[in-house]
Amino acid sequence: MYGNDNWINSYLEAILDAGKGPAASAGGGGDNRPSLLLRERGHFSPARYFVEEVITGYDETDLYKTWLRANAMRSPQERNTRLENMTWRIWNLARKKKEFEKEEANRLLKRRLEAERPRLDATADMSEDLFEGEKGEDAGDPSVAYGDSTTGNTPRISSVDKLYIVLISLHGLVRGENMELGRDSDTGGQVKYVVELAKALSSCPGVYRVDLLTRQILAPNFDRSYGEPVEALSSTSFKNFKQERGENSGAYIVRIPFGPKDKYLAKEHLWPFIQEFVDGALSHIVQMSRSIGEEISCGHPVWPAVIHGHYASAGVTAALLSGALNVPMVFTGHFLGKDKLEELLKQGRQTREQINMAYKIMCRIEAEELALDASEIVIASTRQEIEEQWNLYDGFEVILARKLRARVKRGANCYGRYMPRMVIIPPGVEFGHIIHDFDMDGEEDGPSPASEDPSIWSEIMRFFTNPRKPMILAVARPYPEKNITSLVKAFGECRPLRELANLTLIMGNREAISKMHNMSAAVLTSVLTLIDEYDLYGQVAYPKHHKHSEVPDIYRLAVRTKGAFVNVPYFEQFGVTLIEAAMHGLPVIATKNGAPVEIHQVLDNGLLVDPHDQHAIADALYKLLSEKQLWSRCRENGLKNIHQFSWPEHCKNYLSRISSLGPRYPAFASNEDQIKSPIKGRKHIAVIAVDSVSKEDLIRIIRNSIEAICSENLSGSTGFVLSTSLTIAEINSLLISAGMLPTDFDAFICNSGSDLYYPSRSGDTPSNSRVTFALDRSYQSHIEYHWGGEGLRKYLVKWASSVVERRGRIEKQVIFEDPEHSSTYCLAFKVVNPNHLPPLKELQKLMRIQSLRCHALYNHGATRLSVIPIHASRSKALRYLSVRWGIELPNVVVLVGETGDSDYEELFGGLHKTVILKGEFNTPANRIHTVRRYPLQDVVALDSSNITGIEGYGTDDMRSALKQLCIRTQ
């Protein structure tokens with residue numbers, strides 16, 4: 001730095017002396033736009049280049065303030081100090097970006113190479129016996145590729161009767177009327193979409209009830225309506241979709257309490273409480289299914305036709321509920337986590353660790369992978385979403401999807417592999433009562449003397465010097481990815497456009513900028529700064545408040561002034577606002593990245609632009625507004641084609657897909673299953689789920705647990721369940737060797753949750769009685785969903801042979817098939833050297849790449865590998881028990897170790913109580929915990945009042961812990 005003092009100071013002095021580009025360019029005329037190219041010396045502004053391209057490009061808003069202060073300094077010494085500091089910071093930012101770009105390039109290359117080999121193996125397996133005709137069919141038929149076909153024997157919605165549909169959307173402020181869209185980052189288009197979807201579906205023939213499950217919010221400063229347990233939604237009437245009175249129960253928002261009762265939580269902070277929501281939602285669905293069965297007098301519960309999760313958090317929730325009830329799952333990702341991660345890494349502002357800390361992005365990505373594992377159908381809005389976004393995930397790949405769909409269509413063997421059907425259903429919009437102020441030729445129909453202009457019109461027009469000019473309308477929340485600043489720059493730098501039109505920015509609702517989220521405040525501050533620098537007063541409107549019900553009136557105002565709608569985010573996932581604009585007859589300028597491309601192919605009602613090119617945005621707006629014939633043609637096309645995005649069309653496609661799903665019904669007790677167990681009448685259940693400890697310690701823990709609970713008067717009202725990775729034979733041997741009776745327990749969750757047994761005594765007298773174990777076959781029917789069976793076993797045997805310990809030139813296999821400890825739904829493998837095991841997350845990734853839907857886990861101190869169905873686990877078995885036997889989960893206490901098998905952390909969350917036994921008897925944590933790619937506290941609320949810990953496993957300590965959890969033992 002010292003040797004370059006003169007050069008740096010001279011350079012920055014020259015920058016300062018050049019003045020501000022925006023102010024200078026504002027006085028230019030015609031198309032004389034300032035260029036950032038050095039060779040165009042006549043128009044180049046170094047100050048503008050540094051501030052706009054170098055500094056603000058890295059989101060370092062404080063650097064801009066430093067720049068302004070340096071510009072105002074009168075003392076040369078103080079000015080030089082600030083300039084030197086800025087130089088170092090800018091240099092450091094540039095260096096960091098290069099490092100991030102290099103790191104990201106290496107990471108992507110490594111990921112591609114890792115995924116390529118197993119994908120090729122899987123595709124080769126699928127190609128072994130393909131017919132020649134199939135190969136040609138695979139190449140171009142999207143229905144084969146994604147399962148997006150409505151032809152053949154697919155039942156139509158008229159054949160569906162009395163459907164109960166469950167939608168889940170956890171985040172944001174959800175209510176049916178006066179939605180506060182834009183109040184925060186979580187209350188936006190998705191909230192509007194799911195509410196309208198619930199209304200629309202409930203108005204369709206054959207749909208009896210729709211429940212939209214979300215979070216109950218009782219926090220201060222939020223309307224009391226968000227705390228109402230149930231809210232009935234007004235029905236939507238569609239032509240040809242009318243029903244007789246009393247045939248339909250309607251649509252409802254059902255709010256489930258979970259997480260801190262007095263706090264509103266952003267979506268990034270909901271993850272530790274997901275299990276609580278699942279338990280509460282499970283209770284509601286079971287109760288509602290039975291109530292509907294009674295209402296329609298069908299003699300049995302009416303279980304959900306589908307459980308549909310919206311966004312990652314609701315996706316993992318729907319997966320857990322689908323597994324617990326054995327009903328089909330549908331998933332809509334909305335904005336996918338991997339796509340967001342890639343975008344943030346490319347920006348170079350944050351490391352992967354910083355991104356995960358801010359957005360909990362790894363939780364989100366894993367939840368989306370789990371949703372892929374469990375879904376029958378994944379709904380996308382565009383083909384691009386499938387081929388470019390979902391294709392980033394381990395659990396989906398376009399070519400393999402084609403192979404599998406082709407084989408399914410002709411009934412060929414898929415070797416245990418499965419991939420969900422990707423279907424494209426564009427989002428619907430609610431037409432409501434639309435008022436068109438122009439005829440199809442764009443001429444004004446004439447004012448209605450009985451009607452007054454909406455109040456929001458005057459609120460907007462008060463900003464304008466000439467309110468009669470065409471109005472450019474943008475409706476977007478103030479987030480960097482929405483690219484609002486580029487729109488303002490495009491408008492400010494094009495004098496012909498400024499002279500032709502006004503600009504209206506509807507950026508949500510706000511009170512004071514100082515009270516907004518940092519990111520939103522920064523964007524809004526940048527917008528106001530640009531308005532000031534370009535001197536756009538009287539030409540740009542930015543109202544602080546508007547009601548959701550006033551949005552149609554805002555579109556109408558833009559149409560009345562013969563304006564245009566503009567939506568130029570860097571990437572648009574859904575594009576509902578584009579459809580709304582078309583619905584009101586407003587031509588559009590939209591980003592060429594994402595859904596707008598396919599929307600434009602249908603509507604043909606505007607122009608597509610590169611969101612990174614400000615000049616292209618300005619040119620497109622000027623062209624659309626200045627060419628009257630083009631404007632009228634775009635308006636006419638939009639109104640003519642908009643019916644393809646109506647809710648009736650959306651619902652028809654939606655119901656045709658779910659009606660084609662194979663039957664999956666909860667079977668909590670089949671006719672052949674005549675199991676009797678004392679667990680049914682218990683008031684309390686104690687689940688002993690301590691694992692990865694010695695047999696001696698496990699026996700002591702079992703004895704002390706039973707003694708702590710039964711020492712008082714609860715022995716008759718409390719049942720015991722042993723939950724373990726042991727087989728039923730190992731459990732029986734363990735208890736007998738310790739002098740305990742298996743009948744001291746009501747149930748055994750075995751093989752890591754893949755088998756469920758009930759012990760009982762047979763024989764007339766104690767002398768000739770013996771203990772028998774009844775297998776719960778109904779539970780097996782719940783977990784067999786897409787179980788790979790023999791195809792999965794063969795692949796795992798092949799994989800196990802490749803896991804070796806290398807000593808010089810000698811290789812020794814370390815994982816071997818273990819038939820003795822395997823069962824129908826548990827493939828066991830013996831590990832002879834745990835130190836050479838691959839991380840579990842890598843094995844899980846490999847299974848997903850192969851489209852083998854399963855749950856892999858290490859147990860017994862990583863000396864055994866168990867692979868079980870995707871819907872099997874010890875925590876899922878506990879939920880099954882609660883539904884089958886009517887057990888209230890808040891009356892269940894689970895005892896777990898401080899460490900354990902790979903699935904033990906799943907036992908922490910939920911409505912049940914948890915006691916963590918700490919001490920040296922626990923096996924030290926090792927690679928069996930590497931299934932997580934994020935900290936434990938990201939997914940478990942360890943400070944929950946439902947969780948407590950004790951040192952050791954003494955009887956008195958256990959009794960004290962139970963009292964702390966409000967479980968009475970006296």
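- Between the side chains of D184 and T187, at least one donor N or O sits under 3.5 Å from an acceptor N or O.
- Atom CE of M471 sits about 6.5 Å away from atom CZ of F464, to the nearest 0.5 Å.
- Neither side chain, Y570 nor E343, offers a donor N or O lying under 3.5 Å from an acceptor on the other.
- A distance of 7.0 Å separates CD1 in I642 from CE in M583, rounded to the nearest 0.5 Å.
- Atom-to-atom distance recorded for I531:CD1 and Y542:OH is 5.0 Å, nearest 0.5 angstrom.
- At least one side-chain heavy atom of H171 sits under 4.5 Å from a side-chain heavy atom of L270.
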Check step by step if side-chain contact (heavy atoms from CB on, under 4.5 Å) holds for L505 and V540.
CA-CA 7 Å; L505 305 173; V540 180; 4.1 Å; yes

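- A donor and an acceptor atom, one from each side chain of N221 and Y264, are nowhere located under 3.5 Å apart.
- Y555 OH to L473 CG: the interatomic distance, rounded to the nearest 0.5 Å, is 6.5 Å.
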Please report the C-alpha distance between Q389 and Q384 in whole Å, then the side-chain angles of each, then the deciding distance to 0.1 Å, and finally whether the side chain to side chain donor-acceptor pair (under 3.5 Å) criterion is met.
CA-CA 7 Å; Q389 295 181 57; Q384 186 273 348; 3.2 Å; yes

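- By the 6.0 Å and 45° rule, K340 stacks over the aromatic ring of Y359.
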Where do K192 and E196 land on the salt bridge (Lys or Arg N to Asp or Glu O under 4.0 Å) test, with the steps shown first?
CA-CA 6 Å; K192 183 174 186 290; E196 291 186 359; 2.9 Å; yes

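- Between Y654 and H650, the ring-plane angle classifies as parallel under the 30° and 60° cut-offs.
- Judged purely by distance below 3.5 Å, without hydrogens or angles, the side chains of T529 and D532 never pair a donor atom with an acceptor atom.
- For the pair R209 and Y252, the distance from NZ or CZ to the six-membered ring centre is under 6.0 Å and the angle to the ring normal is within 45 degrees.
- Electrostatic pairing of R556 and E550 does not count as a salt bridge here, judged by no charged N lying under 4.0 Å from a carboxylate O.
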Let's go through W647 and Y193 carefully: what are the C-alpha distance in whole Å and the side-chain angles of both, what is the deciding distance for ring-ring contact (aromatic ring centres under 6.0 Å, His included) to 0.1 Å, and is it a yes or a no?
CA-CA 10 Å; W647 275 119; Y193 172 81; 5.6 Å; yes

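- When the salt bridge (Lys or Arg N to Asp or Glu O under 4.0 Å) test is applied to E180, the partners found at least two apart in sequence or on another chain are R175, R183.
- The shortest heavy-atom contact between A200 and C651 is CB-SG, 3.5 Å.
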Apply side-chain contact (heavy atoms from CB on, under 4.5 Å) to N567 and I589, showing your working.
CA-CA 6 Å; N567 179 33; I589 301 295; over 6 Å; no

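- Using a 4.0 Å cut-off between charged nitrogen and carboxylate oxygen, K623 and E627 count as a salt-bridge pair.
- Between L233 and A198, the shortest heavy-atom contact is CD1-CB, 4.0 Å.
- Interatomic distance, NZ of K515 versus OG of S520, reported as 15.5 Å (0.5 Å rounding).
- Between R560 and D453 there is a salt bridge, since at least one side-chain N of the basic residue sits less than 4.0 Å from a carboxylate O of the acidic one.
- Using cut-offs of 30° and 60° on the angle between ring planes, the pair F222 and Y226 is perpendicular.
- Inspection of the S169 and Q190 side chains reveals an N or O donor paired with an N or O acceptor under 3.5 Å.
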